[in-house]
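Okay, structure first, notes after.
Numbered from 1 within each chain, the chains take letters A, B, ... in sequence-line order.
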Protein chains: 2
Amino acid sequence: MATTTAARRREIARTEYDAFLAACPSRQLLDRLSDKWVGLVLAALSNGPQRYNEIARTVAGVSQKMLTQTLRTLERDGLATRTVTPTVPVRVDYELTDLGQSLLPVMRAIKDWAEAHMDDVLLARSRYDMEKMTG
Amino acid sequence: MATTTAARRREIARTEYDAFLAACPSRQLLDRLSDKWVGLVLAALSNGPQRYNEIARTVAGVSQKMLTQTLRTLERDGLATRTVTPTVPVRVDYELTDLGQSLLPVMRAIKDWAEAHMDDVLLARSRYDMEKMTG
DNA sequence: CCGTATCCACAATGATACTG
DNA sequence: CAGTATCATTGTGGATACGG
């Protein structure tokens, strides 16, 4: 009995913690921003409205599936709008909302830190790896 | 021949883009920050040096494996230091470096935006889902 | 042109058990 | 106390083919 208690308590702790994380605003935001394509699409849209294929060209490496998925989550979260013009063939424009615009300074804070300090990180990394090898 | 060319060009584009992303400082930073546990460990260490088990208690939901892995990457990237005191049993302290400290304002920018705007996002999300259901 | 649907490969995470 | 090693599971993204 006693042996199972520890495992059981860990399990409960994890469940509670998962709930806590799921409700944590910072984590929710980080989950969005850290998506492989969100940042790039945000950057593409920061220059004004864009058509689907324009974004696809700007974010050259993205697959159709992931671009659509990314744009859908942005729309769902109120960060971008999707406007369909029912011509033939159809035309779809995406544009940042005010909420989406307000995210740009945050992205820039990240970019600024990265450009200022990532070389330090890279240096630390190679030193660390070096020491590992030499013993 | 012509049919394979399109797929081939996409493949090349993806390879080049992957290389571009791998070299992009912002993406490298986002990859770190977005790690499930990095933000939480950073927050734990923001109050000063901590022992391994103290961090484990603060970040209640983390497994031993992930905590160790997270701390190792922070150390490797020069964001935290690891100090071993060879008593019996051994004592290990972790502490943020200046570089690690400089990351805290960035985390706070993220946290501030999240606390100010995530309810808007949640609202937009539920409206979007509602419209989906009602047709 | 702008997607959706399906399948598949691989990386990330956690549970568990063991060590100095 | 502070890890390491292994296995099982899940999630994420890409390729491909098809639809409005």
Within one Ile-Leu-Val-Met-Phe-Trp-Tyr cluster: [X] and [Y], side-chain cutoff 4.5 Å:
{"X": "Leu99(B)", "Y": "Leu71(B)", "result": "yes"}
{"X": "Val41(A)", "Y": "Phe20(B)", "result": "yes"}
{"X": "Tyr128(B)", "Y": "Leu29(A)", "result": "no"}

Report task. Without swapping roles, check the side chain of Ser34(B) against the backbone of Leu30(A) for a donor-acceptor pair under 3.5 Å. Result -> no
Looking at [X], does any N or O in its side chain come under 4.0 Å of the phosphate oxygens OP1/OP2 on [N]?
{"X": "Arg72(B)", "N": "dG3(D)", "result": "yes"}
{"X": "Arg51(A)", "N": "dC2(C)", "result": "yes"}
{"X": "Tyr94(A)", "N": "dG3(C)", "result": "yes"}

To the nearest angstrom, how far is [X] atom [atom1] from [N] atom [atom2]?
{"X": "Leu71(A)", "N": "dC2(C)", "atom1": "CG", "atom2": "C1'", "answer": "11 Å"}
{"X": "Leu67(A)", "N": "dC2(C)", "atom1": "CG", "atom2": "P", "answer": "10 Å"}
{"X": "Asp18(A)", "N": "dT10(D)", "atom1": "CG", "atom2": "C1'", "answer": "13 Å"}
{"X": "Glu75(B)", "N": "dA2(D)", "atom1": "CD", "atom2": "P", "answer": "15 Å"}
{"X": "Ile55(A)", "N": "dG3(C)", "atom1": "CD1", "atom2": "P", "answer": "9 Å"}
{"X": "Asn53(A)", "N": "dG3(C)", "atom1": "CG", "atom2": "P", "answer": "9 Å"}
{"X": "Gln69(B)", "N": "dT13(C)", "atom1": "CD", "atom2": "C1'", "answer": "8 Å"}

Query - Candidate pair Arg125(B) and Asp77(A), rule salt bridge (Lys or Arg N to Asp or Glu O under 4.0 Å), full reasoning - result: CA-CA 5 Å; Arg125(B) 216 177 271 181; Asp77(A) 289 353; 2.7 Å; yes
Query raised in the report: Given Trp113(B) and Arg108(B), is the side-chain contact (heavy atoms from CB on, under 4.5 Å) satisfied, shown in steps?
Result: CA-CA 8 Å; Trp113(B) 193 98; Arg108(B) 191 146 75 170; over 6 Å; no
Please list each protein N or O that sits under 3.5 Å from an N or O in nucleotides 18-20 of chain D, with the distance.
none

By nearest atom, which of the nucleotides [options] is closest to the [X] side chain?
{"X": "Val92(A)", "options": "dG3(C), dT13(C), dC1(C)", "result": "dG3(C)"}
{"X": "Met66(B)", "options": "dC2(C), dG14(C), dT4(D)", "result": "dG14(C)"}
{"X": "Lys65(A)", "options": "dA5(D), dG3(C), dA5(C)", "result": "dA5(C)"}

Query - Strand-adjacent residues in residues 25-37 of chain B, judged by heavy atoms under 4.0 Å from DNA chain D - result: none
Query raised in the report: Is there a side-chain contact between Tyr17(A) and Leu40(B), using heavy atoms and a 4.5 Å cut-off?
Result: yes
Query raised in the report: Side chains of Thr83(A) and Tyr94(A): do they bring a donor and an acceptor to under 3.5 Å?
Result: no
Query raised in the report: Can you list the steps and then say if Arg27(B) with Asp31(B) is a salt bridge (Lys or Arg N to Asp or Glu O under 4.0 Å)?
Result: CA-CA 6 Å; Arg27(B) 173 117 303 276; Asp31(B) 282 345; 3.0 Å; yes
